[in-house]
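All remarks here apply to the structure that follows.
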2 protein chains.
Amino acid sequence: MVKCSEDNLDKLFFALSDPNRRHVVTALLDGEKALGDLAPPFKMTIPAVMKHIAILENSGIVRTEKRGRVRYCRLEPDQLELAREWLADTTRMWTDRLRALSLYLEENP
Amino acid sequence: MVKCSEDNLDKLFFALSDPNRRHVVTALLDGEKALGDLAPPFKMTIPAVMKHIAILENSGIVRTEKRGRVRYCRLEPDQLELAREWLADTTRMWTDRLRALSLYLEENP
DNA sequence: AGAACACTTTACCATTTGGTTAAGTATATC
DNA sequence: GATATACTTAACCAAATGGTAAAGTGTTCT
């Protein structure tokens with residue numbers, strides 16, 4: 001089972017709970033992008049994008065780096081993989097227990 | 001690919017972004033529980049639990065039903081499975097693209 | 001009928017979100 | 001050196017969260 005603190009999960013799920021942030025993640029699948037390049041597609045001001053990036057960065061999904069006057073944003077594969085594994089494990093556990101429960105209910109109506 | 005609207009994902013991820021709500025989900029793995037039985041384990045008042053249940057219910061993860069004076073809460077397997085599938089698909093896509101990207105970067109340093 | 005139970009609703013509170021505009025800072029470019 | 005770029009910061013705002021206490025409603029028990 002992957003180590004993933006409760007707090008990490010809070011931040012992770014919260015980061016993914018906003019459509020603009022999920023779009024940012026999708027946009028970063030092609031590779032790193034400048035912060036300014038992320039704003040135009042969404043009808044948001046730069047400060048708004050910065051806040052979303054900060055939340056994504058705080059969750060560990062995105063990492064940023066400033067080179068010159070440009071801040072580049074990229075996905076952090078490790079954290080993404082951690083998230084994927086936790087989700088796979090947890091949902092498998094859920095479905096397993098639910099399957100056991102429904103079997104039990106079938107046999108003991 | 002599973003159909004799962006953007007709005008559903010917002011609600012779903014948001015519902016999972018709170019530790020108390022995840023604990024409620026875990027508690028419901030054993031089967032249905034009365035609303036009042038969910039409050040004591042967490043140091044929360046009943047109205048607080050009700051709000052969390054409302055959010056979980058709105059996300060489709062939990063369904064509730066009132067029998068007599070008791071409101072029973074249970075997990076909604078279908079929605080859970082939808083969520084699991086979406087997460088599996090999406091994270092697979094992420095890792096695939098990231099793998100392709102890292103291969104590309106290896107070949108074009 | 002009257003009391004006990006299990007929520008529900010209402011009203012309230014501090015904090016966080018998600019967004020804005022406007023002014024400030026650091027880095028390139030001419 | 002002056003100017004344009006590309007963020008940053010600050011200040012502000014409406015709405016949503018996550019919680020509380022207290023009063024209200026509908027069921028069940030005796």
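Computation of the quantities below employed the complete heavy-atom set of this structure, encompassing side-chain atoms and omitting hydrogens, waters and symmetry-equivalent molecules. Each chain gets a letter, A, B and so on, in the order the sequences are listed, and its residues count up from 1.
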field: nucleotides 24-30 of chain C: protein proximity per nucleotide (B base, S sugar-phosphate only, - neither; heavy atom, under 4.0 Å)
entry: ---BS--
- request: At under 4.0 Å between heavy atoms, which parts of nucleotides 15-24 of chain D does protein reach? Answer with one letter per nucleotide, 5' to 3': B base, S sugar-phosphate only, - none.
  value: --SBBBBB--
Please say yes or no: joined through hydrophobic side-chain contacts below 4.5 Å, possibly via intermediate residues, are [X] and [Y] part of one cluster?
X       : Y       : value
B:Ile55 : A:Phe14 : yes
B:Tyr72 : B:Val62 : no
A:Val70 : A:Met50 : no

message: Rounded to whole Å, please give me the gap between CD1 in A:Ile53 and P in C:dG18.
response: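 Value for this atom pair: 13 Å.
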task: To the nearest Å, give me how far apart OH (A:Tyr72) and C1' (D:dC7) are.
output: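 After rounding, the reported distance stands at 12 Å.
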task: Evaluate the criterion salt bridge (charged side-chain N to carboxylate O under 4.0 Å, His left out) for residue pair A:Glu65 and A:Arg67; output intermediate values, then yes/no.
output: CA-CA 6 Å; A:Glu65 181 190 0; A:Arg67 297 201 290 278; 3.2 Å; yes
task: State whether the side chain of B:Arg22 and the backbone N or O of B:Leu16 hold a donor-acceptor pair below 3.5 Å, judged by distance alone.
output: yes
- prompt: Between the side chain of A:Arg21 and the main-chain N/O of A:Ala15, is any donor-acceptor distance below 3.5 Å?
  reply: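 Indeed, once roles are kept as given, a pair shorter than 3.5 Å links the two residues.
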- prompt: So does A:Arg71 get a side-chain nitrogen or oxygen closer than 4.0 Å to the phosphate oxygens (OP1/OP2) of D:dA6?
  reply: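 For D:dA6, OP1/OP2 do not have a side-chain N/O of A:Arg71 under 4.0 Å.
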field: Helix axis bend for the helix from C:dA1-D:dT30 to C:dC30-D:dG1 - C1'-based end axes, five pairs, 10° rounding
entry: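 The helix from C:dA1-D:dT30 to C:dC30-D:dG1 shows an end-to-end axis angle of 20°.
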